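Read through the structure below, which is laid out as structure tokens, and then see the notes.
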Amino acid sequence: MELLKQRILRDGIVKEGNILKVDSFLNHQMDIELLQAIGQEFRRLFPDPAINKILTIEASGIGIAAIAAQYFPGSKVVFAKKTQSKNLDGTLYTAPVTSFTRGTTFDVQVSTKFLGPDDHVLVLDDFLAKGQALQGLMKIVAQSGAKLAGCGIVIEKGFQEGGRALREAGVNLHSLAVIDSIDGGRITFRDED
Ligand code: 5GP
């Protein structure tokens, strides 16, 4: 997605530890016009009319999923929670996830009320690095008995192993920008879908 790549080149900041900071437009301050274009692109890549749930993970995925859902009429957004809360009652689907940015492992949780065998789920997230977050969300979809329609990622760091492993496993995965390298602070992209 050319618009996204240009924005990453203009405003993305490469940090130590293979981290790309995009907080001026994606995951702290959010550029809603860009998010709308991202949502439309996800619709183009995932035309399946059966999609009725968009599953993501708090916090950065929520804005992306909420805007994208406008292009999936009738769909609901469900976000997996990372922390225990008194508001989270009843039975839960849970899966462990190790955070790429923090290095800690935690359980992500979704109430069984909001996903079930009749659902067709598109999983969305901001970044794909080692694939932990997506694997956790896919485990939750599997526990619920819902059908996984696909996984959409805004920025995939193609030099980390997550995307390759998921594609080899046959997951319908599309990333809007795939970064080949951020060596020396210089960002280069791979051709994407
Ligand atoms: P994974 O689970 O695929 O290793 O990492 C994906 C998760 O880690 C995403 O949910 C994202 O929040 C975070 N993440 C991974 N790499 C980056 C990065 O380079 N920049 C930012 N801002 N977040 C990242």
Side-chain angles (χ1 to χ4, degrees), residues 1 4-31 34-35 38-39 42 54-69 77-83 93-110 121-142 148 150-190 192:
M1 184 183 167
L4 173 65
K5 290 197 230 175
Q6 292 307 326
R7 194 60 180 271
I8 293 168
L9 288 177
R10 197 183 85 187
D11 294 336
I13 298 167
V14 176
K15 307 287 281 188
E16 292 221 343
N18 283 335
I19 298 278
L20 175 66
K21 220 171 154 202
V22 287
D23 61 352
S24 66
F25 60 94
L26 192 65
N27 53 21
H28 192 4
Q29 173 171 267
M30 295 187 288
D31 179 334
L34 178 66
L35 287 184
I38 285 170
F42 280 137
I54 297 185
L55 177 66
T56 190
I57 182 166
E58 67 177 354
S60 305
I62 298 174
I64 294 162
I67 301 281
V77 173
V78 179
F79 64 90
K81 299 203 177 203
K82 291 178 178 169
T83 47
Y93 307 118
T94 69
V97 168
T98 300
S99 161
F100 178 79
T101 40
R102 291 194 189 86
T104 51
T105 300
F106 51 88
D107 278 335
V108 291
Q109 307 183 312
V110 170
V121 182
L122 174 63
V123 175
L124 296 182
D125 201 8
D126 58 346
F127 272 90
L128 172 59
K130 293 186 174 174
Q132 279 278 318
L134 269 195
Q135 303 263 14
L137 292 172
M138 286 167 49
K139 279 183 194 149
I140 282 177
V141 174
L148 179 69
C151 296
I153 293 292
V154 180
I155 303 172
E156 175 179 341
K157 293 189 292 181
F159 53 89
Q160 294 182 294
E161 68 274 17
R164 187 170 24 99
L166 288 162
R167 289 188 183 92
E168 279 172 11
V171 175
N172 178 23
L173 169 67
H174 293 287
S175 301
L176 305 188
V178 182
I179 294 177
D180 247 346
S181 162
I182 53 176
D183 285 346
R186 191 168 165 270
I187 301 168
T188 55
F189 295 101
R190 186 185 301 169
E192 82 290 348

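Counting starts at 1 for both ligands and their atoms, in listed order. Values in this document were obtained by computation on a predicted structure and should not be read as measured data.
- Among protein heavy atoms, atom 10 (O) of ligand 1 sits closest to Asp125 OD2, 2.9 Å.
- Between Lys82 and Asp107 there is no salt bridge, since no side-chain nitrogen of the basic residue lies less than 4.0 Å from a carboxylate oxygen of the acidic one.
- Nearest to atom 12 (O) of ligand 1 among the protein's heavy atoms is Asp126 OD1, 3.4 Å.
- When hydrogens are left out, the protein atom nearest atom 23 (N) of ligand 1 is Phe127 CD1, 3.5 Å; that is the closest non-hydrogen contact.
- Side-chain contact between Ile187 and Leu9 is present, with at least one heavy-atom pair separated by less than 4.5 Å.
- Under the 6.0 Å distance and 45° angle rule, Lys130 does not count as a cation-pi partner of Phe100.
- Counting heavy atoms from C-beta outward, Leu4 and Phe25 have side chains that approach closer than 4.5 Å.
- Without hydrogens or angle criteria, Ser181 side chain to Asp183 main chain gives a donor-acceptor distance under 3.5 Å.
- In this structure, the side chain of Glu58 does not engage the main chain of Lys81 through any donor-acceptor pair within 3.5 Å.
- Taking every heavy atom of both residues into account, Ile54 and Ala65 meet most closely at CG2-CB, 3.8 Å.
- In this structure the side chain of Ile153 never reaches within 4.5 angstrom of the side chain of Leu176, judged on heavy atoms.
- The two residues Arg167 and Ser175 have their closest heavy-atom pair at NH2-OG, 3.8 Å.
- Less than 4.0 angstrom separates some heavy atom of Asn27 from each of these atoms of ligand 1: 22 (N).
- Neither the backbone nor the side chain of Asp23 has a heavy atom within less than 4.0 Å of ligand 1.
- Considering Val22, Asn18, Ile19, Leu20 only, the shortest heavy-atom separation from atom 22 (N) of ligand 1 involves Leu20.
- Considering backbone and side-chain atoms together, Lys21 places no N or O closer than 3.5 Å to any N or O of ligand 1.
- For ligand 1, the polar-atom distance check against Ile57 finds no nitrogen or oxygen pair separated by under 3.5 Å.
- Under the 4.0 Å criterion applied to side-chain N and carboxylate O atoms, Arg164 and Glu156 are not assigned as salt-bridge partners.
- Taking only nitrogen or oxygen atoms, main chain and side chain alike, Lys157 reaches within less than 3.5 Å of ligand 1.
- Of the protein's non-hydrogen atoms, Ala133 N, 2.8 Å is the one closest to atom 2 (O) of ligand 1.
- Here the protein heavy atom with the shortest distance to atom 15 (C) of ligand 1 is Phe100 CD2, 3.4 Å.
- In terms of protein heavy atoms, atom 4 (O) of ligand 1 is closest to Lys130 N, 2.7 Å.
- For atom 13 (C) of ligand 1, the nearest protein heavy atom (residue, atom name, distance) is Thr101 CG2, 4.1 Å.
- Using a 4.0 Å heavy-atom cutoff, Gly131 is listed among the residues neighbouring ligand 1.
- Remark: ligand 1 atoms within the under-4.0 Å shell around heavy atoms of Leu128 are 3 (O).
- For ligand 1, the polar-atom distance check finds no N/O of Thr98 at less than 3.5 Å from any of the ligand's N/O atoms.
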